[in-house]
Amino acid sequence: MDPHFPNDHGNGRMGGPFHRHKSIHKLLGGGKVADILLWKDRNLSAGVLIGATLIWYLFEVVEYNIIPLLCQIAILAMLVIFIWSNAAPLLDIPPPRIPEVIISEHAFRQIAQTIHYKLAYTVDALYDIACGKDLKKFLLVIVSLLILSEVGSSYSFTSLLYLGFLCAHTLPALYERYETEVDHLAARGSEDIKRFYKRLDSNLLNKIPRGPVKTKLT
C-alpha cells in the first residue's frame with residue numbers, strides 16, 4: 001500500500017510547507033527557461049545538458065584554457081562564414097546573417113538589470129541577517145557558508161558551477177514529479193529543525209551572559 005502524504009491542495013494552496021500560490025512553472029518565469037528546466041521539451045533540455053557537460057569536460061578534464069578555446073571557436077566561425085558567403089551566389093542561397101538576439105541591446109540591458117537586482121537583494125538580505133535581527137537565520141547562514149567553504153575547498157570553481165547547473169537543471173523537474181512526497185518530508189524536516197533550535201535556545205543561547213540593561217533617568 002502506498003503511503004499517504006498530507007497536502008494542502010484542498011485549501012487552494014500549491015504545495016504544503018512552502019506556501020506556494022503558483023505552480024513551479026510560473027515560479028521559474030513561465031517562459032522558455034522554465035520549459036527547459038522542467039524538461040517540457042526533452043530534446044532541448046537534453047541538448048542543454050549535453051552542451052554544459054561538454055564545456056565542463058573541456059575545462060575540467062581536458063584542462064582546456066579559455067582563451068585558446070575562444071580563439072579557435074572564432075576561427076571556425078569565421079571560416080564557416082567565409083565559405084558560406086563566397087558559396088552563396090554560386091548555390092543561390094542567402095548569405096549568413098547574425099541573429100538579432102545575439103546582439104540585442106534590450107537583452108543585454110535586461111540581463112544587467114536582473115543581475116543588479118539579484119545582487120542588491122542578496123546584499124540587503126545578508127546585511128539584515130548580519131545585524132542579528134533573526135538569530136535563527138544568522139546561525140543558519142553561518143553554517144551554510146561554512147559548508148560552502150568546505151565544499152569549495154574540495155572542488156574547483158568549474159566543477160561547482162557545473163554542479164549548480166545540474167541541480168538547477170534536474171531538481172525542479174524532480175520536485176514537480178514528486179511534489180507531494182517532497183513537501184511531506186520538508187514539513188517533517190522543518191519541524192525537526194524547529195525543535196532542535198528550541199532546545200539549543202533554551203539550553204545554550206539563553207545562558208549567554210548579557211550586560212545589564214541601562215534605564216534612562218527622567
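Values below: every heavy atom of this structure, side chains too, minus hydrogens, waters and symmetry copies.
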Testing the basics here: between Phe165 and Val48, what is the closest heavy-atom pair and its distance to 0.1 Å?
CZ-CG1, 3.7 Å

When rounded to the nearest 0.5 angstrom, what is the spacing between NE2 in His116 and OG1 in Thr114?
11.5 Å

Identify whether Tyr117 and Val123 are in the same connected component of the hydrophobic contact network (ILVMFWY, side-chain heavy atoms under 4.5 Å).
no

Qualifying residues under side-chain hydrogen bond (donor to acceptor under 3.5 Å, both in side chains), relative to Trp39, sequence neighbours excluded
none

Kindly compute the distance separating CD1 (Ile193) from CG (Leu140), expressed to the nearest 0.5 Å.
7.5 Å

Please name the pair of heavy atoms, one in Leu37 and one in Pro172, separated by the smallest distance, quoted to 0.1 Å.
O-CB, 4.3 Å

Between OH on residue Tyr178 and CG on residue Asp183, distance to nearest 0.5 Å:
15.0 Å

Gap separating the CG atom of Asn65 from the CD atom of Gln72, nearest 0.5 angstrom
10.5 Å

Rounding to 0.5 Å, atoms CD1 (Ile129) and CG (Asp124) come to a distance of 10.0 Å

If you group Ile, Leu, Val, Met, Phe, Trp and Tyr by side-chain heavy-atom gaps below 4.5 Å, do Tyr57 and Leu163 land in one group?
no

Do Leu171 and Leu166 make a side-chain contact, defined as non-hydrogen atoms from C-beta onward lying under 4.5 Å apart?
no

Roughly how far, to the nearest 0.5 Å, is OG of Ser153 from CG of Leu148?
9.5 Å

Do the side chains of Ile67 and Cys71 get nearer than 4.5 Å, heavy atoms only?
yes

Kindly state each residue pair satisfying side chain to side chain donor-acceptor pair (under 3.5 Å) with at least one member in residues 41-54, sequence neighbours excluded.
Thr53-Tyr162

Hey, does the side chain of Thr122 reach the backbone of Lys118 with a donor-acceptor pair shorter than 3.5 angstrom?
yes

Give a yes or no on whether Phe138 atom CZ has more than 12 heavy-atom contacts from other residues, nucleotides or ligands under 6.0 Å away.
no

Can Trp56 be reached from Leu69 by stepping across I, L, V, M, F, W or Y side chains whose heavy atoms are under 4.5 Å apart?
yes

Could you tabulate the donor-acceptor pairs under 3.5 Å formed by side-chain atoms of residues 82-94, not counting sequence neighbours?
residue : atom : partner : partner atom : Å
Trp84   : NE1  : Pro94   : O            : 3.2
Ser85   : OG   : Ile81   : O            : 2.7
Asn86   : ND2  : Phe82   : O            : 2.6

Applying a strict under-4.5 Å side-chain criterion to I, L, V, M, F, W and Y, I'd like to know whether Val61 and Ile50 cluster together.
no

Does Val151 sit in a hydrophobic cluster with other residues, and if so which ones, taking ILVMFWY side chains as linked at heavy-atom separations under 4.5 Å, directly or through other members?
Val143, Ile147, Tyr155, Leu160

Could you list the residues that satisfy side-chain hydrogen bond (donor to acceptor under 3.5 Å, both in side chains) with Asp192, not counting sequence neighbours?
Arg195

Under a 4.5 Å side-chain heavy-atom rule over Ile, Leu, Val, Met, Phe, Trp and Tyr, are Tyr121 and Val141 clustered together?
no

Which other residues belong to the hydrophobic cluster containing Phe157, where Ile, Leu, Val, Met, Phe, Trp and Tyr are joined when side-chain heavy atoms lie under 4.5 Å apart, directly or via other members?
Leu161

